[in-house]
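Scroll down for the structure; my scribbles are underneath it.
It should be emphasised that the depicted structure is a prediction, and the values quoted were computed from it without experimental measurement. Only this structure's heavy atoms are used, side chains among them; waters, hydrogens and symmetry mates stay out. Start at 1 and go down the list; that is how both ligands and their atoms are numbered.
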Amino acid sequence: MKLWQRVSAISILILFLVVTSLSAVLLINAKDTILKMTVENTKTEQQNLISSFSGMANYYLKVETKSIVQRSGIQYCFSRFASETSVLVQAGEILYSNLSINPEKLLPIEDNYQEQVYQATIEDTEILIVGSNIPLFKDIYSVYVVKDITRVYQDIDRMILRFILISGSAILVGISLMVYSVRRSTNPLISLKDMAQLISQGQYNERINIHSKDEVGELAIAFNTMIGAVQSHIKNLEDILHRQNLFISGLTHEFKTPMTSMLLHTDTLLSTKLDEEKTLESLSHVYDQCRWLESLTQKLLKIIVLEEKIIVKAVSIKELFLDIYNSSLITLSDRNTPLKMEWNIDSLDLDYDLMKSLLINLVDNGSKASKKGQSIILRAYNNIIEVEDRGIGIPKEEIERITDPFYMVDPSRSKLKGGSGLGLTLVKKIADLHGINLIIESQLGLGTTFRLIFPK
Ligand code: ADP
């Protein structure tokens, strides 16, 4: 059984029990009250009849009057106040009656002065009898009011029927509303189920469209947040996988070229008798390739092995800059791209060796991108270190990708200058470890600035 069906069935059962039991209590009370009122009215009528006719009899008749005369006088007085429901009895003899039924059937005349109220059913007719004895002169007279209350019972039956109809309709309307609202409130759960199915099929772009402010709405929000989180985790994993694939294919490519070249040269050296000059040429080629492979391996190791946490301490900018200057001096002099340095701060918190490696890479890149005579500027101010060159610049659309492993804007040009496409990957990794915000500004033909904004 589905949830909405179960909730509806329980609600309907509760509604039915509540309405029927309330109706039953109300109807029983109403019936009792109507019958009580009818009895009370009849009693009042009978009492009025007694006091009226006995008052008149006492006024006109005397004790000494002959008994036969008294009887007919009392009969006369009774008839003056009697209606079609009144009965007068004396010593078992009916002195006055206008009833359509034989009053003897109805009147168990008891010889006491207590008021008697009872009901009888004669030929489908409900009869209410209220009677009492009254002493007049020397005799006892019984006065009865006999009422046909069939209509009262018919009215009660009609009232019960009307009540049942109204309660029945109310129950039907209640059931429809209940089923509708239960169905409505469980509908979002069906959407949630459908959505869960879509997500299990990998459709992470879907979102649940429920905006109610109840628990279901909150569940939908939580569900959407969960899908968003799953989607972003998957995207991250895909990105990582993509980067790893690029890394591996770049790595394979970078290793393959020097390996092939070394194989060719060693094969030639082993299989052919070369003169001394050619042998030296081949060996120096193998040596170059080995050095290249070694430097590539060093960079790769640094990128892979770098700890996730580094310990920074205040480092003198002057000391760091002079060290970089000395380390780059030979290369920069060879290329005739002088390094200028400016700083107006004493120190910054950093890891000395890693920062040296980062800045040497940037200075080297700046130098490779510059023409002879163009200077590189290494600058420090506030919490910023900048490396600026006036070289060829980087196309805007490439800036985002130049920190990717093995990415080179112009591979043949970079390779000619000993590039591997790993320098900026290492730069980015070291910057991230320091919590540095790396900003690259470049204009084609005008130059490039790498800005390292240190955390304050
Ligand atoms: P590489 O070993 O080739 O220098 P990097 O990761 O250091 O590798 O740089 C990636 C690419 O970004 C380079 O091949 C070069 O095309 C470009 N690049 C880096 N720095 C600069 C710069 N200062 N000016 C122009 N292009 C640059």
Verify the neighbour count for atom CD1 of Ile330: are there more than 12 heavy atoms of other residues, nucleotides or ligands below 6.0 Å? no
Protein residue, atom and distance nearest to atom 2 (O) of ligand 1, heavy-atom basis: Ser420 N, 2.8 Å
Closest contact, heavy atoms only, Ser347 versus Ile317: CA-CG1, 3.8 Å
So which heavy atom in the protein is nearest atom 12 (O) of ligand 1, and how far is it from that ligand atom? Ile402 CG2, 3.6 Å
Distance check, rounded to the nearest 0.5 Å: Ile164 atom CD1 versus Met159 atom CE? 10.0 Å
Taking only non-hydrogen atoms of Ala369 and a 4.0 Å limit, the atoms of ligand 1 in range are 22 (C), 24 (N), 25 (C)
If a pair satisfies side chain to side chain donor-acceptor pair (under 3.5 Å) and one of its residues is in residues 388-402, list it, with sequence neighbours excluded. Arg379-Glu388, Glu388-Arg390, Glu398-Tyr407
Looking only at protein heavy atoms, which one is nearest to atom 15 (C) of ligand 1, and how far off is it? Ser414 OG, 4.1 Å
Carboxylate-amine/guanidinium contact Asp323 Lys356, below 4.0 Å: yes
With a 4.0 Å cut-off on heavy atoms, does Asn361 reach ligand 1? no
Salt bridge present between Arg162 and Asp155 (N-O < 4.0 angstrom): no
Identify, for atom 23 (N) of ligand 1, the protein heavy atom at the shortest distance, and state residue, atom and that distance. Asp389 OD2, 2.9 Å
Gly423 neighbourhood, listing ligand 1 atoms whose heavy-atom distance to it stays under 4.0 Å: 5 (P), 6 (O), 7 (O), 8 (O)
Does ligand 1 have any atom sitting under 4.0 Å from a heavy atom of Gly391? no
Using 4.0 Å as the upper bound for N to carboxylate O, is an ion pair formed by Arg151 and Glu126? no
Is the number of heavy atoms from other residues, nucleotides or ligands under 6.0 Å of Glu342 CD greater than 12? yes
How far is atom 5 (P) of ligand 1 from its nearest protein heavy atom, and which residue and atom is that? Leu424 N, 3.5 Å
Could you find the nearest protein heavy atom to atom 7 (O) of ligand 1 and give me its residue, atom name and distance? Asn365 ND2, 2.8 Å
Looking only at protein heavy atoms, which one is nearest to atom 18 (N) of ligand 1, and what is the separation? Ile394 CD1, 4.3 Å
Carboxylate-amine/guanidinium contact Lys36 Asp32, below 4.0 Å: no
Hey, is Tyr407 touching ligand 1 through its side chain, its backbone, both or neither, going by heavy atoms under 4.0 Å? backbone
Give the contacting part of Val409 toward ligand 1: side chain, backbone, both or neither, where contact means a heavy-atom distance below 4.0 Å. both
Does ligand 1 have any atom sitting under 4.0 Å from a heavy atom of Lys368? yes
Test of understanding: given a 4.0 Å heavy-atom threshold, classify the contact between Leu422 and ligand 1 as side chain, backbone, both, or neither. backbone
So, regarding Ile392 and ligand 1 (criterion: nitrogen or oxygen to nitrogen or oxygen, under 3.5 Å), is there a contact or not? no
For Met37, look at atom CE and say whether over 12 heavy atoms of other residues, nucleotides or ligands are found less than 6.0 Å away. no
Test of proximity, Gly421 against ligand 1: N or O pairs below 3.5 Å: yes
Taking atom CG of Leu165 as the centre, does the number of heavy atoms from other residues, nucleotides or ligands within less than 6.0 Å exceed 12? yes
